[in-house]
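Take a look at the structure set out below.
Every chain is numbered from 1 and lettered A, B, ... according to where its sequence line falls, protein lines coming before strand lines.
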Amino acid sequence: MSDIRTLPGFREFYPEDRAVLGHIMNVWRQSCRRYGFREWESPVLEPLELFTEKSGEEIVRQLFNFEDKGGRQVSLRPEMTPSLARMVGAKANGIPKPIRWFAIGENFRYEKPQKGRLRSFYQLNADLLGEAGPAADAEIMALCADCLLGFGLTQKDFRIRISDRTLWFRYLASLGIPESHAAAVLSVVDKLERGTPSDLLTAMTAALTGTNVDAAHALQAARTFAGTNSLEGLTQLAAGDEAMQNRLQDWKHLLHTLHALGFAECLTIDLTIVRGLAYYTGFVFEAFETGGEARALAGGGRYDTLVKKMHGPDLPAVGFGMGDVTVRDLLEAKQLIPAYADGPDFFVMILGEDARTAALNDIASLRHAGFRVEYNFHDGKFPKLIHAAEVAGARYALIYGGSEVAKGVTKVRSLTDRSEAEVPRTDIIPALRAVLAEGMRAVLP
RNA sequence: GUGGUUGUAGCUCAGUUGGUUAGAGCAUCGGUUUGUGGUACCGAGGGUCGGGGGUUCAAGUCCCCUCAAUCACCCCA
C-alpha cells in the first residue's frame, strides 16, 4: 500500500462507488431532460477573478487557488454559476428564451471536511434564464423536486421550503427599514433559530445603526413574519401595504402552478430561509430531508442581477444546485441505491486451446454486435471456468470445447438456473440477442 | 478556524497491570488425478500497529507533537 493518500476531503470511487455516483448523475440527467433542459459544461480551472468578482475577496480563503506557470491567478471552480453567467452572457442575444440549461460537474471548496461537506463534490446545477415571472420559479422548484423523486423518494421524504427575499425587503420597508440596511437585517433573520435573545438583539441593533428603527420592535416583527407559514397569514400581514400585496400575487401564481404540477405535498412556506447568498433577489428555496437527519439536499433561488453583474446582458434567472454527497447519504439511509450489477452479458469458457481460435472469432462478432463479453485468458478446467464466469458477474456462459466446435455450435448455459442449450455458431448473434431479451426459453427446445 | 472522540492486514476486529518473531474471521491468489458450480480441505501473499519524537532493559500498549477520519461549533456560493 502506498503511503501517499488522497487529499483530505477528496474521494476515490471504486467501481461499486462509481456506479452509485453514475446512478445519481443518471437520475439528475433524466429529470432535467424531461423538463427540456440541455446539458452544458465549462472549465474546471478558471481565472481567480471570475469568482472574486461575484463573491468578493473573502471568498479566496475557501478556494483552491494558486498561480499557474504563466503567472496567472487561477482557481478550481467552487461553483458553476459564474461560468454559466459568462457563457450565457456571451451569446445571450442568439439563444432562444427562455434558456433551460443544466450541468453536472465536480466542484472544489477549500474548507474543513465534515459529514455531507467535502472539498470535492459533484453538483447538479439547473438554471432557467430569460423569464422573470413566477412561472419560471415554479418550473425550477418542480424540477428540483423531480430530481429527488427520480431516486424513488416520495414527497413525504423531503420538503421544499420556499421563502422570498423580495417579500422580505418589502416587509422590512414597511417597518421603515431602508433597503441599504435590509441585507444586514436578513443576516440576523438567518440566525433567529440559533441565536440567544440577547445576541440577536445586539446583532439587530448593529444592523440598524444609522436608522431610527427600534431594534427590539424590528426583531419581534421579523420573528412574527418568519413564523408565518401560510398565504393567508401573509395576506393579513400585508394588509394595507400595496407593495406586499402585489408580491403576494406572484406567490399565488407560484403555488398554484406547483399544485397543478402535482407538488403540493412537499412544499412549505418557510420565511426563515434567507440563504446567505447575497445575490439572490426573489424567491429562494431549499430542499430538506424530513427525517431526523434534516439534511439540506438542494438550494436555489432567483438571481436577476447576477448575469448583468458578470458583464452580461440584463437577464433574469432562477436556478438551483444539488450535491451528490448528501443525496447519497440519504439514499443509503433509505436503501434506495440499486444493487450493483456490472458483469458482462456472456462469459465465454474456452475449454482447451484447440477451441480458442473459434471462440475468439465469435467473441469479436459478439462484441461488435454490442454484447458485453469476457473470456478466460488461460486454459482451465470446467469447474474453475464456471466459477470464473460467476465471479465475473456474467448472466450466461458460452461453452467452447472440442465437441462444440466440432459440431459448429456453442453451448449457452444460464448461470442462474443451470439450464443449457446448443446454438449454431452461424446463428449466434440473433439467438443470443433473444436470450438476453427473453431468457433461456428463447433457445431451449 | 475552535473543541471532543477515534486510528492494528483490503474489510470487521482481538491483542492481559508495558514482556519473545503482532493474531483471527471474511476477502484475494494458488492448489486438492483435465467437461458441469459459490461448499469442504491444504497453502500463500498481504502490517515500518496512521506518522514523528519521548519515557523504559523492553512500547501496538504510557506521555507529547503531528496527520487523517468523525461529531459539535464558525462558515456554507
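By the 6.0 Å and 45° rule, A/Arg86 does not stack over the aromatic ring of A/Phe51.
Rounded to the nearest Å, the gap between the C1' atom of B/A9 and that of B/C41 is 24 Å. Here, B/G10 and B/G47 have their P atoms 7 Å apart, quoted to the whole Å. Nucleotides B/C64 and B/A22 are separated by 27 Å at their P atoms, to the nearest Å. Rounded to whole Å, the separation between the C1' atoms of B/C29 and B/C65 comes to 41 Å. Here, B/G60 and B/G19 have their P atoms 10 Å apart, quoted to the whole Å. Spacing between B/U16 and B/C62 at atom C1', rounded to whole Å, works out to 16 Å. Atom C1' of B/G15 sits at a distance of 11 Å from the matching atom of B/A24, rounded to the whole Å. Across the C1' atoms, B/G50 and B/U6 are found 12 Å apart, a figure rounded to whole Å.
A/Arg11 has its CZ atom 17 Å from the C1' atom of B/A68, to the nearest Å. Here B/G35 presents its C1' atom at 15 Å from CD1 of A/Ile350, a figure rounded to the nearest Å. The CZ atom of A/Phe382 sits 12 Å away from the P atom of B/G38 (whole-angstrom rounding). Rounded to an integer number of Å, the gap from OH of A/Tyr279 to C1' of B/C76 is 12 Å. The distance from atom CD of A/Gln114 to atom P of B/C74 is 11 Å, rounded to the nearest whole Å. Rounded to an integer number of Å, the gap from CG of A/Asp417 to P of B/G38 is 17 Å. Rounded to whole Å, the distance from CZ on A/Arg119 to P on B/A68 is 8 Å. For A/Lys407 and B/G35, the NZ to P distance is 17 Å, given to the nearest whole Å.
Among the atoms of the strands shown, none is found under 4.0 Å from any heavy atom of A/Gly116. No engagement by A/Thr416 is indicated, since no non-hydrogen atom pair under 4.0 Å with the nucleic acid exists. Using a 4.0 Å heavy-atom distance criterion, A/Gly402 is classed as a base contact. When heavy atoms are screened at a 4.0 angstrom cut-off, A/Ile399 is found touching base atoms of the nucleic acid. Among the protein residues, A/Gln123 comes within range of no part of the nucleic acid, since none of its heavy atoms lies under 4.0 Å from any strand. Using a 4.0 Å heavy-atom cutoff across all strands shown, A/Pro8 reaches sugar-phosphate atoms only and no base atom. Residue A/Thr81 is classed as having no contact, given no heavy-atom separation below 4.0 Å to the nucleic acid.
Summarising the base pairing, B/G3 is matched to B/C71 through a Watson-Crick or G-U wobble pair whose two defining distances lie under 3.5 Å. Nucleotide B/A58 is matched to nothing when pairs are restricted to Watson-Crick or G-U wobble geometry with both distances under 3.5 angstrom. The partner of B/G43, taking Watson-Crick or G-U wobble pairs whose two distances both stay under 3.5 Å, is B/C29. Across all strands shown, B/A22 forms no Watson-Crick or G-U wobble pair with both key distances under 3.5 Å.
Of all nucleotides listed (B/C76, B/G35, B/U70), B/C76 comes nearest to the side chain of A/Arg109. The side chain of A/His387 approaches B/G38 more closely than any other nucleotide in the set B/G35, B/G38, B/U70. Across B/C75, B/G35, B/G3, the shortest atom-to-atom separation from the side chain of A/Lys112 is found for B/G3. For A/Lys115, taking side-chain heavy atoms from C-beta onward, the closest of the listed nucleotides B/U70, B/G35, B/C73 is B/U70. Between B/U70, B/C75, B/U36, one nucleotide has an atom nearer to the side chain of A/Lys191 than all others, and that is B/C75. With distances taken from any side-chain atom of A/Lys384 to the nucleotides B/C74, B/G31, B/G35, the minimum falls on B/G31.
Taking 3.5 Å as the limit, the base of B/U32 and the side chain of A/Lys381 contain no donor-acceptor pair of atoms between them. Interface remark: the A/Glu420 side chain does form a donor-acceptor pair with the B/U36 base, using a distance-only criterion of under 3.5 Å. No hydrogens or angles were tested; on distance alone, nothing pairs the side chain of A/Arg61 with the base of B/C75 as donor and acceptor under 3.5 Å. Between the side chain of A/Arg413 and the base of B/U36, at least one donor-acceptor pair of N or O atoms lies under 3.5 Å. Between the side chain of A/Glu111 and the base of B/G1, no donor-acceptor pair of N or O atoms lies under 3.5 Å.
Within 6.0 Å of atom OH in A/Tyr110, 12 or fewer heavy atoms from other residues, nucleotides or ligands are found, so the atom counts as exposed in its surroundings. The number of heavy-atom neighbours closer than 6.0 Å to CZ of A/Arg38, taken from other residues, nucleotides and ligands shown, is 12 or below.
Every residue two or more places apart in sequence or in another chain that forms a side-chain contact (heavy atoms from CB on, under 4.5 Å) with A/Asn107 is listed here: A/Arg77, A/Glu79, A/Met80, A/Phe121, A/Gln123.
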Step-by-step side chain to side chain donor-acceptor pair (under 3.5 Å) determination, A/Asp417 to A/Ser419: CA-CA 6 Å; A/Asp417 67 15; A/Ser419 58; 2.6 Å; yes
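Between A/Phe64 and A/Phe10, the gap from one ring centroid to the other is short of 6.0 Å. Between A/Tyr375 and A/Phe377, the ring center distance clears the sub-6.0 Å criterion.
A/Asp324 and A/Arg11 are joined by a salt bridge, as a carboxylate oxygen and a charged side-chain nitrogen come within less than 4.0 angstrom of each other.
Both A/Glu79 and A/Thr6 lie close to RNA chain B; mapped to their nearest nucleotides by heavy-atom distance, the more 5′-ward contact belongs to A/Thr6.
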